[in-house]
**Student:** 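Below are the structure tokens for one structure; questions will follow.
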Protein chains: 2
Amino acid sequence: MIRLVIVDDHPIVRGGLRDTFADAEDIIVVGEAGDGAEGVERAKGLAADVVLMDLRMPGMDGVAATAALRERVPDSRVLILTTFDSENDVLPAIEAGAIGYLLKDALPDELMRAVRAAARGESVLAPSVTQHLMGHVRRPGAGTLTDREKEVLQLVANGSSNREAATALFIGEASIKTHLQHIYDKLGVRDRASAVAEGYRRRLLT
Amino acid sequence: MIRLVIVDDHPIVRGGLRDTFADAEDIIVVGEAGDGAEGVERAKGLAADVVLMDLRMPGMDGVAATAALRERVPDSRVLILTTFDSENDVLPAIEAGAIGYLLKDALPDELMRAVRAAARGESVLAPSVTQHLMGHVRRPGAGTLTDREKEVLQLVANGSSNREAATALFIGEASIKTHLQHIYDKLGVRDRASAVAEGYRRRLLT
DNA sequence: CTGTAGATCCACCGAACGGTGGAGGCGCGA
DNA sequence: TCGCGCCTCCACCGTTCGGTGGATCTACAG
């Protein structure tokens with residue numbers, strides 16, 4: 001039996017979730033909380049296996065609560081269930097130690113499978129969330145720009161167009177475009193502006 | 001005859017400058033001051049043509065004094081004479097309205113030529129100061145992004161297209177383009193990629 | 001010696017961007 | 001009250017960029 005705690009500041013949402021899991025024979029909702037701090041207490045006191053956590057809440061938010069839980073109740077798994085899938089929400093949550101990240105448009109069936117997966121220690125991510133992670137998970141071999149690619153990126157950061165970068169490096173414009181495509185792939189971005197941003201974040205640029 | 005006022009908190013320096021200009025037949029030191037506020041008063045009361053201004057002073061510093069002078073005595077020219085040539089000193093002084101910027105290692109002869117040039121309304125800059133200005137040709141008011149502009153730049157750094165940034169901020173795409181044009185102007189760049197680079201260099205972005 | 005990684009180059013296309021020159025509204029301080 | 005800074009929006013246009021799917025060459029390691 002999976003012991004589940006629901007943390008969400010909306011009573012309506014909590015109600016809906018409780019109903020959803022009422023049908024499941026292997027899942028029991030042992031407690032609820034309306035904010036992060038309360039959620040941590042409940043999860044600890046009730047020995048939760050899985051905590052279903054909203055992100056945006058008054059007081060202690062979901063990320064902080066997740067981090068606190070990971071520290072104080074390491075055996076419980078935190079499954080994020082929220083409306084937002086922007087990078088700014090996803091990444092901190094994962095970093096804080098959430099094992100899964102679902103969106104609130106998930107079907108009840110998906111939700112239950114996700115809770116069971118989380119209880120087994122498996123990771124479940126909503127498809128759109130996976131996208132965000134792709135670019136930030138450093139695949140082996142990826143995330144490392146070649147010297148040439150770094151040169152190109154630096155030139156772009158300094159305001160060079162493809163043509164100008166080509167002239168500066170004594171190569172053709174086509175090669176600059178190819179290098180840039182490789183850079184985009186490796187950094188998980190789609191355009192030169194965010195490539196430059198990633199370059200600074202990863203300290204590849206000065 | 002050029003009426004000169006010396007503003008410096010060190011009596012020794014003031015003495016040295018007075019001596020220097022004692023030889024000049026077309027320059028007369030009509031007054032001295034030990035801090036910015038006093039300097040503004042003297043320059044105004046004595047109808048100074050040129051004010052030789054130190055930057056680091058107790059009380060009102062050279063930048064503030066320069067700004068005050070430009071406003072209250074528009075006819076007088078402020079010539080900065082200081083030991084420091086870092087960007088953080090140079091740029092604010094120029095923006096405040098100084099017509100020239102010399103370092104204290106200048107020879108007496110250079111100094112006098114500079115005062116005469118300033119009196120004629122010409123700009124005189126120490127060579128190392130010129131360097132700093134090259135990359136930062138900033139008109140007054142430039143160099144500071146508004147909150148909105150910072151938001152836009154951050155979104156662009158995170159990979160947003162103009163359209164996506166517009167959606168995120170609940171405004172039209174045209175407004176994003178306008179904001180970006182202003183950002184380019186202020187940062188002295190021509191495209192989003194180098195704007196992002198400048199944003200990181202100036203610690204406007206995370 | 002053969003696979004792999006890196007660097008170079010090509011063509012085509014639609015979409016996005018940058019440049020220019022506006023315009024109106026709002027709030028704040030001189 | 002007037003001006004200024006800021007934010008918002010518009011149209012037009014040429015240029016650049018990004019995406020795709022190739023290709024050749026070199027150097028190096030297995």
Side-chain angles (χ1 to χ4, degrees), chain A residues 131 134-135 138-199 204, chain B residues 67-74 95-97 138-199 204:
Chain A
Q131 296 288 345
M134 296 298 275
R138 325 232 153 134
R139 299 176 286 293
T144 318
L145 300 187
T146 66
D147 289 346
R148 201 55 161 172
E149 286 161 355
K150 279 185 233 173
E151 283 186 292
V152 171
L153 186 55
Q154 183 71 60
L155 284 167
V156 166
N158 290 342
S160 294
S161 66
N162 291 345
R163 188 185 308 271
E164 289 164 345
T167 303
L169 297 179
F170 305 106
I171 60 179
E173 197 179 339
S175 302
I176 297 294
K177 294 186 73 172
T178 304
H179 285 310
L180 279 174
Q181 289 299 332
H182 294 162
I183 291 169
Y184 299 159
D185 288 345
K186 289 183 179 178
L187 298 184
V189 300
R190 264 168 240 78
D191 60 68
R192 51 182 52 217
S194 42
V196 168
E198 267 306 302
L204 301 170
Chain B
L69 258 176
R70 293 307 304 152
E71 189 170 328
R72 299 179 51 192
V73 196
E95 282 172 15
R138 292 180 200 174
R139 299 167 291 293
T144 317
L145 299 188
T146 67
D147 289 346
R148 200 54 160 172
E149 286 161 355
K150 278 186 231 171
E151 284 186 290
V152 170
L153 186 55
Q154 184 72 60
L155 284 166
V156 166
N158 289 343
S160 294
S161 66
N162 291 344
R163 188 184 307 272
E164 288 165 345
T167 304
L169 296 180
F170 305 106
I171 62 178
E173 198 180 337
S175 302
I176 297 294
K177 295 185 74 173
T178 304
H179 284 310
L180 279 174
Q181 289 299 332
H182 294 162
I183 290 169
Y184 299 158
D185 288 345
K186 289 183 179 179
L187 298 184
V189 300
R190 260 169 246 80
D191 61 69
R192 52 183 51 219
S194 42
V196 167
E198 267 306 303
L204 301 170

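These figures come from a predicted structure and were not determined experimentally. Chain letters run A, B, ... following the sequence lines, proteins first and then strands; every chain starts at 1.
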**Student:** Scan nucleotides 25-30 of chain C nucleotide by nucleotide, 5' to 3', and note B when protein non-hydrogen atoms come under 4.0 Å of the base, S if they reach only the sugar-phosphate, - if neither.
**Tutor:** ------

**Student:** To the nearest Å, give me how far apart CZ (B/Arg148) and C1' (D/dC9) are.
**Tutor:** 13 Å

**Student:** Under the side-chain contact (heavy atoms from CB on, under 4.5 Å) rule, collect the residues that match up with B/Val189, sequence neighbours excluded.
**Tutor:** B/Tyr184, B/Leu187, B/Ser194, B/Ala195, B/Glu198

**Student:** Which pairs of donor and acceptor atoms, one on a side chain in residues 165-183 of chain B, lie under 3.5 Å apart (sequence neighbours left out)?
**Tutor:**
residue: B/Thr167; atom: OG1; partner: B/Arg163; partner atom: O; Å: 3.1
residue: B/Thr178; atom: OG1; partner: B/Ala174; partner atom: O; Å: 3.0

**Student:** What bend angle does the helix from C/dC1-D/dG30 to C/dA30-D/dT1 show across its length, from five-pair end axes and to the nearest 10 degrees?
**Tutor:** 50°

**Student:** Determine: side-chain N/O of A/His179 to OP1/OP2 of C/dT8, distance under 4.0 Å, yes or no.
**Tutor:** yes

**Student:** Between P on D/dC7 and CG on B/Asp185, what's the gap in Å once rounded to a whole number?
**Tutor:** 14 Å

**Student:** In chain order, what residues pass the salt bridge (charged side-chain N to carboxylate O under 4.0 Å, His left out) check against A/Glu164, with sequence neighbours excluded?
**Tutor:**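 Salt bridge (charged side-chain N to carboxylate O under 4.0 Å, His left out) list for A/Glu164, sorted by chain: empty.
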
**Student:** How does protein reach along nucleotides 18-30 of chain D, written 5' to 3' as B (base within reach of a heavy atom under 4.0 Å), S (only sugar-phosphate), or - (no contact)?
**Tutor:** BBB----------

**Student:** In chain order, what residues pass the side chain to side chain donor-acceptor pair (under 3.5 Å) check against B/Arg148, with sequence neighbours excluded?
**Tutor:** B/Glu151

**Student:** Rounded to the nearest angstrom, tell me the gap between atom CD in B/Glu173 and atom P in D/dC10.
**Tutor:** 10 Å

**Student:** Can you tell me if A/Ser175 touches the phosphate of C/dA7, counting only side-chain N or O atoms and a distance under 4.0 Å to OP1 or OP2?
**Tutor:** no

**Student:** Does any residue of residues 154-161 of chain A have a heavy atom under 4.0 Å from DNA chain C, and if so, which ones, in number order?
**Tutor:**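 Those residues: none at all.
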
